[in-house]
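Before any comments, here is the structure.
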Amino acid sequence: MTAINRRRALTGSAAIAVGVPVLAACSSGDEPSTDASSSTSPSPSDESPSSPSADGTETPSAGGSALASVADVPVGGCFVVASAKVVVTQPTEGDFKAFSAVCTHQGCLVESSTEGEIPCPCHLSRFSLEDGSPVSGPASAPLAAVQITVDGDEITQA
Ligand code: FES
């Protein structure tokens, strides 16, 4: 009788000893995940339907999406539109250019700046406001050009 009780007790202990780590393993769902389903990046090409022009003029490419106001973009600097992954620059007053805001080194988004170049915060690459070419840092390829239209105060992706 005591042997049975001891056996049951041991069996029960074993079940508990095995069960605890299993439960712990199941409950630790907070580990860094390799879940790739969190892609929140919208496609820049089909982000919004065409918007009617305020003054009735039509741009050559219907379907462009508003990126920024000219006042958002500093002269000698750049303004990042994160939702569109586009960086708009103004190398000289009234001269606007735009590039992909995705760094060609390892894909970080570049940052807005007033310091004469387009900086990437990840590994400190810097790109030209004029043509998106790499100026310093590990990136060796230029930022891809993005076609824009400046209409009054509004900058639109073509
Ligand atoms: Fe931009 Fe590395 S990702 S410098």
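Sequential numbering from 1 along the given sequence is applied to the chain's residues. Small disclaimer: the values here were computed from a predicted structure and weren't measured. Order of appearance sets the numbers: ligands from 1, and atoms from 1 within every ligand.
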* **Between Thr149 and Asp151: side-chain donor-acceptor atoms closer than 3.5 Å** => no
* Using the test salt bridge (Lys or Arg N to Asp or Glu O under 4.0 Å), find all partners of Glu115 that sit at least two apart in sequence or belong to another chain. => Arg126
* Asked: Numbering the atoms of ligand 1 from 1, which are under 4.0 Å from a heavy atom of Gln106?
  -> 3 (S)
* Below 2.8 Å, any N, O or S contact between Cys103 and atom 1 (Fe) of ligand 1? -> yes
* Asked: So does His123 have any N/O/S atom less than 2.8 Å away from atom 2 (Fe) of ligand 1?
  -> yes
* Structure fact -> Quick look: Ser125 vs ligand 1, heavy-atom contacts under 4.0 Å, and the answer is both
* Can you tell if the side chain of Pro119 reaches within under 4.5 Å of the side chain of Cys78, non-hydrogen atoms only? -> yes
* Qualifying side-chain hydrogen bond (donor to acceptor under 3.5 Å, both in side chains) pairs with a residue from residues 88-105, counting only residues at least two apart or across chains -> His105-His123
* Using only the SG atoms, decide whether Cys122 and Cys103 are less than 2.5 Å apart. => no
* Under 2.8 Å: N/O/S of Cys108 next to atom 1 (Fe) of ligand 1 -> no
* Structure fact -> Per residue His105, nearest N, O or S atom to atom 2 (Fe) of ligand 1 is named ND1
